[in-house]
Asker: 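Here it is, the structure in full.
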Amino acid sequence: MKAFLMYRDQDFGVTARLPTNTADLTKDLEADTLFRAMAAGDDFLLEVAKIAVLASLHEPEAIRYRQHVLSDCLERPEIVREMYGMAVEAIERERKVWGWTSEMPQSTLHRSIEVLQIFLSLLKKLRQIADKHGAAFRSEGFARFFGMLATELNDEYLSIIEDHLRRLEFRSGVLISAELGKGLKGVHYILRKPEDPKQSWMERVQGWLGLTGRDRFVYEIADRDEGGFRALSELRNQGIAHVAAALAQSTEHILSFFAMLRLELGFYVGCLNLRDGLTRKGEPICIPEPLAAGKATLAGRGLYDVCLSLNIAGRTVGNDVAADNKALVMITGANRGGKSTFLRSVGLAHLMMQCGMFVPAESFRANVCSGIFTHFKREEDASMKSGKLDEELRRMSSVIDKISPNSAILLNESFASTNEREGSEIARQIVRALLEAGVKVLYVTHMFDLAEGFYLAGMDEALYLRAERLADGQRTFRLIEGEPLPTSYGEDLYGRIFGGPSYACL
C-alpha cells in the first residue's frame with residue numbers, strides 16, 4: 001500500500017536531499033518562523049516542514065500535482081486531520097505493545113497479532129472515510145489513495161484477515177508435522193491447518209478416541225514435568241517460527257504504510273496550520289502558477305513577507321510586482337522603506353510555490369528555479385577572522401560555485417562594506433556575469449553608482465523599483481517603479497531619532 005500524496009510515482013522521505021545553501025537560505029529569509037508556524041508546537045511537523053519547503057520541486061507538473069492535493073486539504077481540513085490522527089495513533093499504539101525478542105517465535109507471534117488487530121481497526125476507519133468522503137476529493141493524489149483503500153481493503157479481504165488472526169491465536173492448540181532426522185532429531189517442521197472449528201463436539205470426541213478410522217498416538221506430560229513442558233514449548237516454537245516471522249513482516253509493512261501516511265499528511269497538516277494562522281489575521285493566500293524554467297517570470301499582487309506577518313500583531317503591507325521577462329530587478333529608495341522585506345517576500349514565495357504550497361499574496365506566478373540563493377549583509381561579529389568585504393566575497397564565491405542556470409539570487413546590500421565606487425564595480429561585474437549565465441537577480445542596494453549604471457545602460461530585461469516615500473517623509477512600505485535616486489533619505493531617520501533637522505557639513 002502506498003499513499004503517493006506528495007509525488008505521483010514515489011514516496012516522500014525525511015532523507016530528501018536539501019540544498020547546500022540551506023543554512024544561509026533559512027537565516028536570510030527568516031524561514032524558521034515559517035517552519036514554526038506550520039509545526040504549531042509539534043516537533044515532528046517541524047522537521048517535515050523544513051524538509052518539504054527546502055527540498056524544492058523543479059517541474060511545474062510535479063508542483064501542480066501537490067497543489068491539487070493541497071486544494072483538497074484546504075477544502076476538507078477536518079477529514080485530513082482525522083486521517084493524520086489515525087496514522088499517529090497507529091504508530092504510538094504499536095510502540096506501546098510489549099513483546100520479547102524475535103528469537104522467541106511465540107512472543108513474536110503474540111505481539112504481531114496484537115499489533116495487527118490495532119492496525120486492522122484503524123484500516124477499517126480509513127476505509128469508512130474513503131467510502132463516505134472519497135468521492136468529494138477531486139485531486140489525482142487523493143482519488144488514487146481512496147481508490148487504493150477501497151480496492152485493497154474491501155470487505156472480503158478484511159474478513160479474511162480477521163479470520164486468519166483468530167486462527168493464529170491457536171485456541172484449540174497447534175497442529176504440527178515433522179520428520180525425524182539424524183540422531184532422531186525433528187526436522188522439516190510444518191504448521192498444519194488446525195481442526196475445523198465448525199466440527200461438532202461428538203466428531204471431536206470420536207477423533208480423540210480414535211473412532212474416525214485414523215490411528216492416533218497421544219503422549220501426555222505430567223503436570224510437574226518442567227523438562228517436558230520446555231520440550232513441548234520448543235516444539236511449538238519450531239512449528240510456528242515461519243508463521244511468526246511472516247506475520248512480523250506483515251506488521252512492519254503496514255507500520256511503514258502508516259509512517260509514510262503520517263509523513264505525507266504531515267506536510268498538508270502543516271499547511272493547514274499556517275493557513276489558519278494567516279486567515280485569522282485576514283491575510284490573503286493564493287495557489288500560485290508555476291511556469292517552466294528558461295524564461296524569467298515574476299508577477300504578483302499583494303505579495304507580502306509571511307514571516308513578518310507571523311511576527312507582528314497587525315497585517316503587513318503587500319506589494320504588486322510585474323517583472324515578466326526581467327532577469328534583473330534593482331530595488332532602491334528610502335531607508336526603512338520595506339526593500340529587504342520585499343526581497344524576503346519574493347524568496348519565500350518562490351520556496352513555497354516550489355514545494356507545492358500556497359503563497360502569501362492575492363495572486364502570484366513565477367518560473368520554476370533550479371535553485372534559490374541569497375547573499376545578505378551580515379552584522380560584524382567576533383568570529384570573523386577577516387574584514388567584512390573579505391567575508392562577503394568569500395560567501396559570494398561559495399554561491400558562485402553552487403549556482404546554475406535558471407537559478408535566482410537575492411542580494412541585499414551586498415558589497416556595501418567598502419566605499420561606493422569599489423563596491424559598485426565589484427557588484428557590477430558579478431551581476432553581469434550572473435545575468436550572462438542565465439541567473440535571475442534581485443538586488444537591494446543603496447549604491448547609486450551601481451543602480452544608475454545599469455539604469456543608464458537601458459537594459460530591456462531590467463526592472464527598477466523604488467521604496468515609496470511621501471513628501472512629508474512618511475514610508476508607505478510599498479515599492480513603485482522608478483529610476484534610482486542619489487539619496488536614501490537618511491536625514492529622515494536622523495530627524496526622527498534626534499528630534500531635529502539634519503545639517504550638511506560644508
Side-chain angles (χ1 to χ4, degrees), residues 19-34 53-54 56 288 293 296-300 303-308 319 321 323 326-333 337-355 359-361 364-379 391-393 395-417 423 426-428 430-435 437-447 450-451 454 461-467 477 479:
T20 54
N21 63 321
T22 290
D24 285 338
L25 196 61
T26 302
K27 181 177 182 179
D28 292 336
L29 299 182
E30 301 178 5
D32 279 333
T33 301
L34 173 67
V53 173
L54 293 171
S56 295
T297 304
L298 175 63
L303 177 65
Y304 62 95
D305 181 351
V306 63
C307 295
L308 175 62
N319 271 287
V321 59
K326 305 297 182 183
L328 172 63
V329 179
M330 190 74 71
I331 307 160
T332 62
K339 301 186 298 297
S340 298
T341 298
F342 172 76
L343 195 64
R344 281 192 295 270
S345 72
V346 173
L348 288 165
H350 258 290
L351 284 179
M352 294 171 73
M353 180 190 75
Q354 290 196 210
C355 76
V359 164
F364 184 82
R365 72 170 183 269
N367 63 288
V368 174
C369 296
S370 59
I372 308 294
F373 294 85
T374 58
H375 188 274
F376 282 38
K377 65 179 179 180
R378 295 275 189 266
E379 297 299 326
E391 183 271 339
E392 285 192 277
L393 290 171
R395 279 195 293 120
M396 179 55 72
S397 177
S398 177
V399 170
I400 295 300
D401 290 339
K402 302 166 185 173
I403 206 165
S404 61
N406 296 318
S407 293
I409 185 168
L410 314 178
L411 299 103
N412 188 20
E413 302 291 357
S414 298
F415 314 115
S417 54
I426 291 171
R428 190 160 27 244
I430 290 174
V431 169
R432 285 174 176 168
L434 290 168
L435 293 175
V439 176
K440 183 162 61 176
V441 180
L442 291 91
Y443 202 147
V444 168
T445 184
H446 287 293
M447 294 188 292
L450 171 67
F454 278 109
E461 67 272 24
L463 174 68
Y464 300 89
L465 300 177
R466 197 170 67 215
F477 305 110
L479 300 183

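We use all heavy atoms of the structure for the numbers below, so side chains are in, but hydrogens, waters and symmetry mates are not. What you see is a predicted model; the values in this text were computed from it and never measured.
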Asker: Applying side chain to side chain contact (heavy atoms under 4.5 Å, CB included), can you list everything that pairs with Pro405, at least two apart in sequence or on another chain?
Answerer: none
Asker: Ile331 versus Thr445: any side-chain heavy-atom pair under 4.5 Å?
Answerer: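 No. Closest side-chain heavy atoms not under 4.5 Å.
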Asker: List the residues meeting salt bridge (charged side-chain N to carboxylate O under 4.0 Å, His left out) with Arg365, not counting sequence neighbours, and say none if there are none.
Answerer: Asp324
Asker: Using side-chain hydrogen bond (donor to acceptor under 3.5 Å, both in side chains) as the criterion, list what pairs up with Thr20, not counting sequence neighbours.
Answerer: none
Asker: Applying side chain to side chain contact (heavy atoms under 4.5 Å, CB included), name anything that partners Ala416, two or more places apart in sequence or on another chain.
Answerer: Glu413
Asker: Which donor-acceptor pairs under 3.5 Å do the side chains of residues 343-350 make with protein atoms, sequence neighbours left out?
Answerer:
unit_1: Arg344; atom_1: NE; unit_2: Asp305; atom_2: OD2; d: 3.3
unit_1: Ser345; atom_1: OG; unit_2: Phe342; atom_2: O; d: 2.5

Asker: For Arg466, what residues pass the side-chain hydrogen bond (donor to acceptor under 3.5 Å, both in side chains) criterion, not counting sequence neighbours?
Answerer: none
Asker: Could I get the full list of ring-ring contact (aromatic ring centres under 6.0 Å, His included) partners for Tyr464, not counting sequence neighbours?
Answerer: Tyr455
Asker: Any side-chain heavy atom of Leu411 within less than 4.5 Å of one from Leu442?
Answerer: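 The answer is no, as the side chains (C-beta and beyond) never meet within the 4.5 Å cut-off.
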Asker: For the residue pair His375 and Phe415, is the inter-centroid distance of their aromatic rings smaller than 6.0 Å?
Answerer: yes
Asker: Would the distance check show the side chain of Asn21 and the main-chain N or O of Ile372 forming a donor-acceptor pair, the cut-off being under 3.5 Å?
Answerer: yes
Asker: Not counting sequence neighbours, which residues clear side-chain hydrogen bond (donor to acceptor under 3.5 Å, both in side chains) with Ser370? List them please.
Answerer: Ser404, Ser407
Asker: Among all residues two or more places apart in sequence or in another chain, which pass the side chain to side chain contact (heavy atoms under 4.5 Å, CB included) test with Lys27?
Answerer: Arg378
Asker: With sequence neighbours excluded, what pairs up with Lys326 under the side chain to side chain contact (heavy atoms under 4.5 Å, CB included) test?
Answerer: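 Applying side chain to side chain contact (heavy atoms under 4.5 Å, CB included) to Lys326 gives Ala323, Leu463.
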Asker: Indicate whether any N or O donor in one side chain lies under 3.5 Å from an N or O acceptor in the other, for Asn367 and Lys440.
Answerer: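 Note: Asn367 and Lys440 side chains meet the donor-acceptor criterion.
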Asker: Under the rule for side-chain hydrogen bond (donor to acceptor under 3.5 Å, both in side chains), what residues qualify as partners of Thr332, not counting sequence neighbours?
Answerer: none
